[in-house]
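Notes follow once the structure below has been shown.
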Amino acid sequence: MNFRAALAAAVALLALPFAAPAQAKDDLVIGVAQFPSSLHPAIDAEVIKFYVLNFGIRPMTAFNPDWKNSCLLCAQLPTIENGLAKIEDKPGGGKGMAVTFKLKPDLKWGDGVPVTTKDLEFTWKVGRDPASGFSNGNPWNRYTALDIVDDHTAVAHLSSVDVHYNEMDILLPEHIEAPILAKAGNAAEYIKQTAYNRAPTTPGLWDGPFMITAYQSGVQVVLEPNPYWAGPKPGFKRIVIKLIENTAALQANLLSGDVDMVAGEGVGLTIDQVLALRKSYPDKFTYIFKPSLTYEHIDLKVENPILADGRVRQALLSAIDRNQLVSRLFEGLQPVADSWVNPLDQNFTKDVPHYPYDPAKAKSLLAAAGWTPGADGICRNAKGDKLSLDFQTTAGNKLRELIQQVLQSQWKASCVEVVIKNEPPRTLFGETLKKRSFNGLVQYGWSSSVGSSPRRTLHSAQIPTAENNWGGANYIAFNNKQMDADIDRADSELDPVKQKAIWADMQKLYTQETYVLPLFFRAEPHVVPKWLKGYTPTGHGDMSMLWSENWSYGAN
Amino acid sequence: MAAFILRRVVQTLLVLLVMSFVIYALIGLMPGDPVDMMIAGNPGATPEVVAALRKIYGADQPLMVRYWHWLSDALRGDFGFSRTHSQPVLEVLAPALWQTCQLMIGSFVVSVILSFALGIVAALRPGGWVDGLISLCAFAGISVPVFWLALMMILVFAVELHWFPASGIANVGDGGLRDRLMHLVMPITTLALANTGAFIRYVRASMIEVMRMDHVRTARAKGAGEGRVVLIHAFRNALIPVVTIMALSFGVLFNGALLTETMFAQPGMGKMIYDSIQGNDYNLALVGLLFATLVTLLSNLAADLAYGWLDPRIALA
């Protein structure tokens, strides 16, 4: 090409009319601010990973949008009532359970290979191996034996009576992953070689309505319908999950039409950003605020002599107006919490001690504990020590820092001084909380799944210590024999009425002891196009993508 | 010349070796380890599972042992596995490097052309209104935060005018040359505008100084045209300090432009290095930072070689 021709080509290229990228309505582009580090269903427990995976692979069972356990791959949910679950005597004594899982007959992987009990058996064998590298072995290692009845029926034997007996996780495709595992020889090598990470566009990895057809790490994931999916035909020909880490840029992409919607499950915009967007563009999108299981709270270090006194802890709670906080900052969309149990959970109880905003009561509790206001307005005890506490959270999290300032001023009005000493998230979670080196208050949030046991956060065996290599997440060092017993009982109680009573007792103990100041449950802020139909956020870990075949374009 | 280059190559290798240890040790000093990231928010991660994971990922070994294993493997060409991408490090590095090459070379070329042209024009009439206008634009370029400039570009050219896509590297289902170029226009312009201001100031200052020199006056006295005086006699000499600055800037540019890459969702080296450090991805962070060090060292070497070309009186010994 000579110079003149090259120049003409360049001019022609620039002269083409500029146009926004066309997005047909059979495409859905979802903006997210995080990207999964792995696509293997059992390695890592990132929310963003399951956000992507749940379009393409289904767990055997999941909690539906009404927070009820339901079948996705199984034909019928095993229960004691329908006889598919039974309590049995274990050979060595004691009670266990036998649970019959029946797979739906028409399930197929994306390459046409049927989903069978071979997949179940393979996943169980790998999952219960402690050296598998699975970050959560519990779904599989509770089964001591698995009897394969036929291609679609298996009986799982549990080592104990387990309230979660009929919850089962994602199956791995035996015909794809078994040869890789055999060749790898060990977990460390398998993690590197699994097709979920090395070849995620392999159709046989996916048994859901969509399968990954293009994957660029750190850029985007493209999903298209699984041709062997036997359920309702998906409403979109293509779903693109696009990473835009900067949330200001993510909003701009939403407004420009480069993305159609922003995920609300903690992987997109924050609630304050969505509230601001709604204020500016009230009619441009549908805004859904779904209360979730993410529990925002403040842990107290009860070894601190000031916080060792229960009256001081109760005073801290009575001195803050959580309703006003939620109302002013979040337009009342995030429900105030009394404990870690969400009001939408079936085991929630209202019958616990409540600590409404009552500054007079806070002052009288402090006075009873020996703290009286000094000349500077801050309480002092008989020795002249100030009632001063360190208050930490994740530095750079604007919302948390704002909450801190509100709480700081409310506590100051009740003669309590809190000194804000924030740390970067990796320091706060990687050192300060993990090794329990904080000495006052720490604000953060954590998520649980529906009905999940509080064992890891409240059982005395889960207090992080050097001896257990700082394992466990009982950062408050909650050490209560009744709570330990309740947790053990709750894990094995099958009667829903008795189960609810145990949970009520746990919530009561938790709120009585006030080792934690509950703040609120976060609401998932979903921003979706007005034309998107069938989209139902769940608010829990089994996200709406598990029913994404119901999403479709519909005229306004 | 050959001895000079050989000596610099050996120095570069030594610096890389020392840097590899320093970077590894510094990453190791950061709180938490890769397993902490994996188990964060995972209620099923019991202490037993955590211990097993630490063993699998080698996080139970002392730092020096881990470094020695890494170095031994690296010398055999195995740079390890990226935890945050679940791929071998080189497979993550290659596309990021390609993306960075497009962005950085594009913006560097635009910056150099603009700064040479505007710097020379400004230097010809120092203190005049043209100089004032160019200086004002240069200071604006230096002062405006990159993230703000990027956001304004997106709001104006993507949200309002719909001329360019707001982010990403290509549209799904397209990915042709024009599509890719359209995705590069705004990030390259943002980066170029951010760098051009400083370059203009260097070119202008250097040109003003050289234009006052005797050899320029002599050239004019001998009857050389103004164009020849400026471009041949003055500009070539003015380039010597400018080349140093540009070479260093090129190295810095290659380390990545984190903000621009983040704002425009361009998966380049800057974002890759930042994310790997945040995610405790030792192998990727280490190789990314070492590569950035290598580019900076090579840029300096290229600047040294350029001095000899620009001014043959400078001996490379």
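Note that these values count all heavy atoms, side chains included, but never hydrogens, waters or copies made by symmetry.
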Quick check on B:Ile169 against chain A: is it the side chain, the backbone, both or neither that has a heavy atom closer than 4.5 Å?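 Answer is side chain: those atoms of B:Ile169 sit under 4.5 Å from chain A.
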Give the minimum heavy-atom separation between A:Ala252 and B:Val159, together with the two atoms involved.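 A:Ala252 and B:Val159 have their closest heavy atoms at O-CG2, 3.3 Å.
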Residues in salt bridge (Lys or Arg N to Asp or Glu O under 4.0 Å) contact with B:Asp179, at least two apart in sequence or another chain: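 Once residues adjacent in sequence are excluded, B:Asp179 has no partner under the salt bridge (Lys or Arg N to Asp or Glu O under 4.0 Å) criterion.
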Counting only heavy atoms closer than 4.5 Å, note whether [X] contacts chain B via side chain, backbone, both or neither.
{"X": "A:Gln216", "value": "side chain"}
{"X": "A:Ala473", "value": "neither"}
{"X": "A:Lys192", "value": "both"}
{"X": "A:Pro464", "value": "neither"}
{"X": "A:Arg238", "value": "side chain"}

Heavy-atom pairs under 4.5 Å with chain B: which of A:Ala249, A:Gly218, A:Pro425 has the most?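 Of the options given, most contacts go to A:Ala249.
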Among A:Val259, A:Leu255, A:Thr457, A:Asn246, which residue has the highest count of heavy-atom pairs closer than 4.5 Å to chain B?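 The candidate making the most pairs under 4.5 Å is A:Asn246.
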What's the spacing between B:Leu155 CG and A:Gln251 CD if we round to 0.5 Å?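 Answer for the CG-CD pair, B:Leu155 versus A:Gln251, is 9.5 Å.
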Can you tell me how far apart CZ (B:Phe264) and CD (A:Glu245) are? Round to the nearest 0.5 Å.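 That separation rounds to 15.0 Å.
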Using the test ring-ring contact (aromatic ring centres under 6.0 Å, His included), find all partners of B:Tyr67 that sit at least two apart in sequence or belong to another chain.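 Checked B:Tyr67 against ring-ring contact (aromatic ring centres under 6.0 Å, His included); matches are B:Phe21, B:Tyr24.
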Counterpart residues, ring-ring contact (aromatic ring centres under 6.0 Å, His included), relative to A:Phe35 (two or more places apart):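 With sequence neighbours excluded, A:Phe35 shows a ring-ring contact (aromatic ring centres under 6.0 Å, His included) to A:Tyr215, given in chain and number order.
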Give a yes or no on whether the backbone of B:Pro165 and the side-chain of A:Asp258 come within a donor-acceptor separation of less than 3.5 Å.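 No.
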Considering only heavy atoms, give the residues of residues 85-92 of chain B separated from chain A by less than 4.5 Å, sorted numerically, with 'none' for an empty result.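 So far as heavy atoms go, B:His85, B:Ser86, B:Gln87, B:Pro88, B:Glu91 are the residues that approach chain A to under 4.5 Å.
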